[in-house]
Amino acid sequence: MIIRLYLKPVGRCRTMPNPENHIRVRFAPSPTGHLHVGGARTALYNYLYARKTGGKFILRIEDTDAKRSTAESYKGIIESMEWLGLNWDEGPLRGGDFGPYTQSRRRVLYNNEAQKLIDKGKAYYCFCTPERLETMRFEMEEKKLPPKYDGRCRGLSEVEVAERLSKGIPHVFRFKMPIEGSVFFRDIVRGEFSFENGNLDDFVLIKSDGRPTYNFAVVVDDAHMKISHIIRGDDHLSNTPRQVHLYRALGYNLPKFAHLPMILGSDHSRLSKRHGATSIAYYRNRHYLPEGLLNYLALLGWSLDGKKELFTRKALIDKFSLKKVSKNPAIFDNSKMEWINSEHLKEVSLAGKISLVQDVLDEEGLLPPEFDVDITKPVDLKIVPGREEMKEEKSHNYKMSDKEIERLATIIIVLGNRLKLLKNIPAIIGYFYTDDYKVDEEAVRMHLLRSEIPNRMNKLADEYEKLKYFDRKSAEKVLRDLAFDLKIAAGELIHPCRVALTGKIVSPDIFWVVVLLGKDKTVERLRKAAKLYSVI
RNA sequence: GGCCCCUUAGUCUAGUGGUCAGGACGCAUGGUUCUCAGCCAUGAAUCAGGGGUUCAACUCCCCUAGGGGCUACCA
């Protein structure tokens, strides 16, 4: 009894959520380009950590580089984040209690903080010209010395500073780095670090244009936004000691750090434009599924047990852990990404697929279809689950009729697992919607360019023309009977027929293709092929 | 040049002082089938190298090499 009374409060203290100590993480891109897979992965881990812990996920735009920041980049990043469903709790478009969330609008704060450091003697004015710094750096490199700022302005007296200020000489603020000693910090994924102060120099805090540098702005913002965990790319690891000094000098508590391994290009170098497909917008434009991309990205630097690899967003949130983040840089592998995408596509409901495929058809100009087809036995629309929501959910350019939706639903069912990548839709089913589809020459050579073929195609067309009930079963019977009469293997008709109808060597079940094309189109294309290739 | 980080098949990874080093993508082969996809089965392929420590090292320590980062009035 005594023990219980004694222990209870202790336990409660440990588990009670402390509002002052809540988890707050952030993703802080600079709008100097599109959101690429590396940035998206960082954003994802922050998002997952926040959702898992019930914390807040903040988006902050770091546009302190006036020359490189653009409004287009800003817009692109926001759009990509929204497409991925990486919803932020505070930030642009959403607001929050710690705004503004764009650094260019927080100038006053940085100046105040810098002034505080000047007042405390932890920073100083520097009037060195960029030219002087450049020649100094050049000379130090010549002498094979580490190129550090030489501290010329560090010892300027108040009078000297005032004098130069009154002359209007451009200046920056520099941090007064301790000459001796070292900094320590702990990283959740990498362990403990100790850096010699001697290797660090008096870096710039505020540039001569009055804007803060990255290292200064992040610290001020992270502190003011009460960020508890800094989850970011490992390219920032070497910046961390500088930032730790700033936290100390400014008198703020140190957040926890988690540095993520970088995502590299296939040549093991840092991701850049020349690596091609690196932007999220690229995958979006090609109709990849956000869930699939997220799943793949999650696996680049994190794994649950090395076995389970397919995760829904919910499962990721449930299973994610910073402790299981790996230290090794990862290379983006497109084929695995596509595989994961196809696995996710398999899980999409029929209604969902119809909507997705309709988007692609629409975008590729395949809607409305060039020809109408009445399917004798289409999929019963009543059995398309979730069809009601589907109709209202999206507004496509072209509204399909019920009949067209039925046909598309059937096409999708018939496609089955062949539908792996939405971007391939025009290539795999274009011939159902237009007569202007691509004809594979190799396929023609293999299956149509033989003297006996045209005659057979015409015969098949004749038989199909006679057919009253144009369903899959009858379509198959007609072809097989004809093959029997001609004393040839069914394949001898099937393959040329496939090429005649689709222009391709591969397609879904040929009898379904016949049905989905309808009697008129089937007969027309068979005859056309017969005519076209009879000259030989 | 200085400082820092990383190193398990082609790629992403699991893993322990004693394991047949596990999984996945990709690749190859066979089966099913009208082709393809799928599915099933099978296979090839890995602990960067060298020193230690230890009865024993992929695992711990050191060195080398390779890759990456920071060293900007870029972020």
Side-chain angles (χ1 to χ4, degrees), chain A residues 28-33 62-65 67-69 126 128-130 133-134 137 140-149 170-174 187 190 193 195-196 198-201 203-215 217-218 233-242 259 261-262 264 266-270 296 299-310 324 326-340 342 346 415-420 428 443 447 476 479-480 489-495 497-499 502 504-511:
Chain A
S30 60
T32 54
E62 308 213 324
D63 57 346
T64 54
D65 185 344
K67 292 185 205 75
R68 296 196 304 147
S69 298
C126 171
C128 294
T129 64
L133 295 175
E134 202 174 312
R137 203 163 19 241
M140 294 193 119
E141 269 169 30
E142 285 275 277
K143 291 182 204 154
K144 305 236 185 235
L145 286 167
K148 298 199 315 185
Y149 176 63
H171 64 276
V172 301
F173 287 12
R174 278 183 190 275
D187 186 279
R190 279 153 205 278
F193 286 92
F195 277 77
E196 298 284 327
N199 292 321
L200 271 17
D201 73 345
F203 59 96
V204 173
L205 265 20
I206 302 282
K207 305 179 227 177
S208 56
D209 66 0
R211 288 167 185 267
T213 58
Y214 160 76
N215 277 308
V218 248
D234 138 1
D235 46 339
H236 292 294
L237 193 59
S238 309
N239 282 143
T240 309
R242 276 175 262 275
H259 285 95
M262 299 190 70
L264 305 176
S266 48
D267 58 353
H268 294 257
S269 72
R270 197 183 190 134
Y296 179 65
L299 258 22
L300 250 32
W302 170 86
S303 80
L304 181 62
D305 54 11
K307 289 205 164 68
K308 186 171 165 53
E309 297 196 304
L310 265 11
K324 301 218 74 178
S326 101
K327 296 182 179 62
N328 322 347
I331 291 164
F332 192 92
D333 178 25
N334 215 59
S335 68
K336 180 138 188 182
M337 199 233 89
E338 296 198 338
W339 174 75
I340 288 187
S342 70
K346 278 185 191 171
L415 270 181
N417 289 327
R418 292 176 190 83
L419 182 55
K420 299 171 94 177
I428 14 181
H447 298 295
E476 175 160 16
L479 185 142
R480 292 199 188 275
E492 293 289 314
L493 283 179
I494 286 172
H495 297 300
C497 176
R498 169 174 287 118
V499 181
T502 69
K504 268 179 257 301
I505 212 158
V506 303
S507 84
D509 177 283
I510 189 62
F511 308 112

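To find a chain, count down the sequence lines: A is the first, B the second, and so on, and within it residues start at 1. All heavy atoms count here, side chains included; hydrogens, waters and symmetry mates do not.
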Visitor: Give me the distance, rounded to whole Å, that separates rG26(B) from rG66(B) when you measure between the C1' atoms they each carry.
Guide: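 Approximately 25 Å lies between the C1' atom of rG26(B) and that of rG66(B).
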Visitor: Between Ser303(A) and rG23(B), is there a side-chain N or O to OP1/OP2 distance below 4.0 Å?
Guide: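 So the side chain of Ser303(A) is outside the cut-off, no N or O lying under 4.0 Å from OP1 or OP2 of rG23(B).
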Visitor: Measure OH/Tyr214(A) against P/rU71(B) and give the value in whole Å, please.
Guide: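 So the OH-P distance, Tyr214(A) to rU71(B), works out to 10 Å.
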Visitor: If every non-hydrogen atom of Ser69(A) is compared with every non-hydrogen atom of Thr32(A), which pair is closest and at what distance?
Guide: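 Looks like N-CG2, 3.9 Å.
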Visitor: Looking for any heavy atom pair under 4.0 Å, which part of the strands does Asn199(A) touch: base, sugar-phosphate only, or nothing?
Guide: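 Asn199(A): backbone/sugar contact only, no base atoms under 4.0 Å.
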Visitor: What residues, two or more places apart in sequence or in another chain, satisfy side chain to side chain donor-acceptor pair (under 3.5 Å) together with His495(A)?
Guide: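 Result, side chain to side chain donor-acceptor pair (under 3.5 Å) vs His495(A): none returned.
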Visitor: Could you tell me how far rA44(B) sits from rC27(B) if I compare only their C1' atoms? Round to whole Å.
Guide: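 Per the computed distance, 9 Å lies between those C1' atoms.
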Visitor: Contact class for Val204(A) vs. all strands (heavy atom < 4.0 Å): base, sugar-phosphate, or nothing?
Guide: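 Sugar-phosphate only.
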Visitor: Within the 4.5 Å heavy-atom criterion, are Phe193(A) and Asp187(A) side-chain neighbours or not?
Guide: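 They are in side-chain contact.
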Visitor: For Leu264(A) and rC6(B), give me the distance from atom CG to atom C1', rounded to whole Å.
Guide: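 Checked: the CG to C1' distance equals 10 Å.
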Visitor: Considering only rC73(B), rU13(B), rG68(B), which nucleotide approaches the side chain of Ala330(A) most closely?
Guide: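 Among rC73(B), rU13(B), rG68(B), the one nearest the side chain of Ala330(A) is rU13(B).
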Visitor: Quote, to the nearest angstrom, the C1' distance that separates rU54(B) from rA45(B).
Guide: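 One C1' to the other, the span is 31 Å.
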Visitor: Can you check the Lys327(A) NZ to rU13(B) P distance for me, whole Å?
Guide: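 Between P of rU13(B) and NZ of Lys327(A): 13 Å.
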Visitor: Please state how far atom CG in Asp267(A) lies from atom C1' in rU11(B), giving the value in whole angstrom units.
Guide: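 Spelled out: CG on Asp267(A) to C1' on rU11(B) is 14 Å.
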Visitor: If I take atom CZ in residue Arg270(A) and atom C1' in nucleotide rC5(B), what distance separates them, rounded to the nearest angstrom?
Guide: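 Atom-to-atom, Arg270(A) to rC5(B), this comes out as 13 Å.
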Visitor: Check every strand shown and say whether Phe193(A) touches a base, only sugar-phosphate, or nothing at a heavy-atom separation below 4.0 Å.
Guide: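 If one applies the 4.0 Å heavy-atom cut-off, Phe193(A) turns out to touch the sugar-phosphate alone, with no base involved.
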Visitor: Please state whether the phosphate of rC70(B), meaning OP1 or OP2, lies under 4.0 angstrom from any side-chain nitrogen or oxygen of Asn239(A).
Guide: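 Answer is no, no contact under 4.0 Å.
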Visitor: Within a strict 4.5 Å, meaning less than it, do heavy atoms of the Thr213(A) and Phe173(A) side chains meet?
Guide: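 Answer no - side chains too far apart.
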Visitor: Write down the distance between CZ (Arg190(A)) and P (rC70(B)), rounded to a whole number of angstrom.
Guide: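 Answer to the nearest Å: 13 Å.
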Visitor: Looking only at atom C1', what distance separates rC4(B) and rU19(B), rounded to whole Å?
Guide: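 One C1' to the other, the span is 35 Å.
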Visitor: Can you say whether a donor on the side chain of Lys307(A) sits under 3.5 Å from an acceptor on the base of rA14(B), or the other way round?
Guide: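 Answer is no: no donor-acceptor pair is held.
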Visitor: Within the 4.0 Å heavy-atom criterion, would you say Thr32(A) contacts the bases, only the backbone, or no part of the nucleic acid?
Guide: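 Contact class for Thr32(A): none.
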Visitor: How far apart are the closest heavy atoms of Lys148(A) and Leu200(A), and which atoms are they?
Guide: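 It is NZ-O, 3.7 Å.
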Visitor: Just checking, is any N or O donor in the side chain of Ser507(A) or Arg498(A) under 3.5 Å from an acceptor N or O on the other one?
Guide: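 Side-chain D/A pair, Ser507(A) to Arg498(A): present.
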Visitor: Set out, in order, the CA-CA distance, both residues' side-chain angles and the distance that settles salt bridge (Lys or Arg N to Asp or Glu O under 4.0 Å) for Arg270(A) and Asp235(A), then state yes or no.
Guide: CA-CA 10 Å; Arg270(A) 197 183 190 134; Asp235(A) 46 339; 2.9 Å; yes
Visitor: Could you work out which one of rG69(B), rU11(B), rC34(B) sits closest to the side chain of His268(A)?
Guide: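 Given the options rG69(B), rU11(B), rC34(B), the side chain of His268(A) is closest to rU11(B).
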Visitor: Using a heavy-atom cut-off of 4.0 Å across all strands, would you classify Ala490(A) as base, sugar-phosphate, or nothing?
Guide: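 Since no nucleic acid heavy atom lies under 4.0 Å of Ala490(A), the category is nothing.
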Visitor: Any base atoms under 4.0 Å from His259(A), or only sugar-phosphate, or nothing? Heavy atoms, all strands.
Guide: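 The residue His259(A) makes no contact with any strand.
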Visitor: Between rU13(B) and rA21(B), how far is it from one C1' atom to the other, in whole Å?
Guide: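 To the nearest whole Å, 13 Å.
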Visitor: Watson-Crick or G-U wobble partner for rG18(B), using a 3.5 Å limit on both distances?
Guide: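 Its partner is rC55(B).
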Visitor: Please list each protein N or O that sits under 3.5 Å from an N or O in nucleotides 35-38 of chain B, with the distance.
Guide:
| from | atom 1 | to | atom 2 | distance (Å) |
| --- | --- | --- | --- | --- |
| rU35(B) | O2' | Ile505(A) | O | 3.4 |
| rU35(B) | O2 | Ser507(A) | N | 2.9 |
| rU35(B) | O2 | Ser507(A) | O | 3.1 |
| rU35(B) | N3 | Arg498(A) | NH2 | 3.2 |
| rU35(B) | N3 | Ser507(A) | O | 2.6 |
| rC36(B) | O2 | Arg418(A) | NE | 2.6 |
| rC36(B) | N3 | Arg418(A) | NE | 3.0 |
| rC36(B) | N3 | Arg418(A) | NH2 | 2.7 |
| rC36(B) | N4 | Arg418(A) | NH2 | 3.2 |
| rA37(B) | O3' | Lys420(A) | NZ | 3.4 |
| rA37(B) | O2' | Asn417(A) | O | 3.0 |
| rG38(B) | OP1 | Lys420(A) | NZ | 3.3 |
| rG38(B) | O2' | Asn417(A) | ND2 | 2.9 |

Visitor: Under 3.5 Å for both donor-acceptor distances, Watson-Crick or wobble: does rA41(B) have a partner, and if so which one?
Guide: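 Checking every strand shown, rA41(B) finds its partner in rU29(B), with both distances under 3.5 Å.
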Visitor: For rU32(B) versus rA24(B), give the span between their C1' atoms, rounded off to a whole number of Å.
Guide: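 24 Å, rounded to whole Å.
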Visitor: Pairing check on rC3(B): which nucleotide meets the Watson-Crick or G-U wobble criteria with it, both distances under 3.5 Å?
Guide: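 Partner of rC3(B): rG69(B).
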Visitor: For the residue pair Phe203(A) and Tyr149(A), is the inter-centroid distance of their aromatic rings smaller than 6.0 Å?
Guide: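 For Phe203(A) and Tyr149(A), the ring centres are not under 6.0 Å apart.
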Visitor: Need one value for Arg211(A): base, sugar-phosphate or nothing, where a base atom within 4.0 Å counts as base even if backbone is also close, heavy atoms only.
Guide: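 Counting heavy atoms under 4.0 Å across all strands, no contact is made by Arg211(A).
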Visitor: How many Å lie between CD1 on Ile340(A) and P on rU11(B), as a whole number?
Guide: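 Checked: the CD1 to P distance equals 17 Å.
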Visitor: Between His236(A) and Tyr214(A), is the ring centre distance below 6.0 Å?
Guide: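 Ring centres of Tyr214(A) and His236(A) closer than 6.0 Å.
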Visitor: Just to be sure I understand the rule, does Lys207(A) reach a base, reach only the sugar-phosphate, or reach nothing, if contact means heavy atoms closer than 4.0 Å?
Guide: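 Contact class for Lys207(A): base.
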Visitor: Is there a side-chain contact between Arg418(A) and Pro508(A) (heavy atoms, below 4.5 Å)?
Guide: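 They are in contact (side-chain heavy atoms under 4.5 Å apart), so the answer is yes.
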Visitor: Could you tell me whether Gly198(A) contacts a base, only the sugar-phosphate backbone, or nothing, with contacts defined as non-hydrogen atoms closer than 4.0 Å?
Guide: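 No contact.
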Visitor: Pick base, sugar-phosphate or nothing for Ser30(A), based on heavy-atom distances below 4.0 Å to the nucleic acid.
Guide: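 Ser30(A): backbone/sugar contact only, no base atoms under 4.0 Å.
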Visitor: Report which part of the nucleic acid Ser335(A) touches: base, sugar-phosphate, or nothing (heavy-atom distance under 4.0 Å, all strands).
Guide: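 The answer is sugar-phosphate, as Ser335(A) gets under 4.0 Å only of primed atoms, P, OP1 or OP2.
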Visitor: With P as the reference atom in both, quote the distance from rU8(B) to rC40(B) in angstrom, rounded to an integer.
Guide: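 After rounding to an integer number of Å, I get 30 Å for this pair.
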Visitor: Look at the side-chain N and O atoms of Arg242(A) and state whether any lies under 4.0 Å from the OP1 or OP2 oxygen of rC4(B).
Guide: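 Checking Arg242(A) against rC4(B): no side-chain N or O falls below 4.0 Å of OP1 or OP2.
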Visitor: Could you check how far NZ of Lys308(A) sits from P of rG23(B), rounded to whole Å?
Guide: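 To the nearest whole Å, that distance equals 17 Å.
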Visitor: For rA56(B) and rC3(B), measure between their P atoms and round to the nearest Å.
Guide: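 Nearest-Å result for rA56(B) against rC3(B) at atom P: 35 Å.
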Visitor: Does the structure show a Watson-Crick or G-U wobble partner for rC34(B), both distances under 3.5 Å? Name it, or say none.
Guide: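 rC34(B) is paired with nothing.
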Visitor: Applying a 4.0 Å non-hydrogen cut-off, can you work out what Glu62(A) is touching in the nucleic acid: base, sugar-phosphate, or nothing?
Guide: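 Sugar-phosphate: the residue Glu62(A), judged by heavy atoms under 4.0 Å, touches backbone atoms but no base.
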Visitor: Base, sugar-phosphate or nothing for Ser266(A)? Non-hydrogen atoms, less than 4.0 Å.
Guide: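 Nothing: the residue Ser266(A), judged by heavy atoms under 4.0 Å, touches no strand.
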Visitor: Nearest of rU11(B), rC6(B), rG2(B) to any side-chain atom of Pro146(A)?
Guide: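 Nearest listed nucleotide: rG2(B).
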Visitor: At 4.0 Å (heavy atoms only), tell me whether Pro147(A) reaches a base, stays on the sugar-phosphate, or touches nothing.
Guide: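 The residue Pro147(A) makes base contact.
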Visitor: Taking atom types as modelled, find out whether Asp267(A) and Ser269(A) have a side-chain donor-acceptor pair closer than 3.5 angstrom.
Guide: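 A donor-acceptor contact under 3.5 Å links the two side chains.
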Visitor: Does OP1 or OP2 of rG69(B) have a side-chain N or O of Ser238(A) closer than 4.0 Å?
Guide: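 Checking Ser238(A) against rG69(B): no side-chain N or O falls below 4.0 Å of OP1 or OP2.
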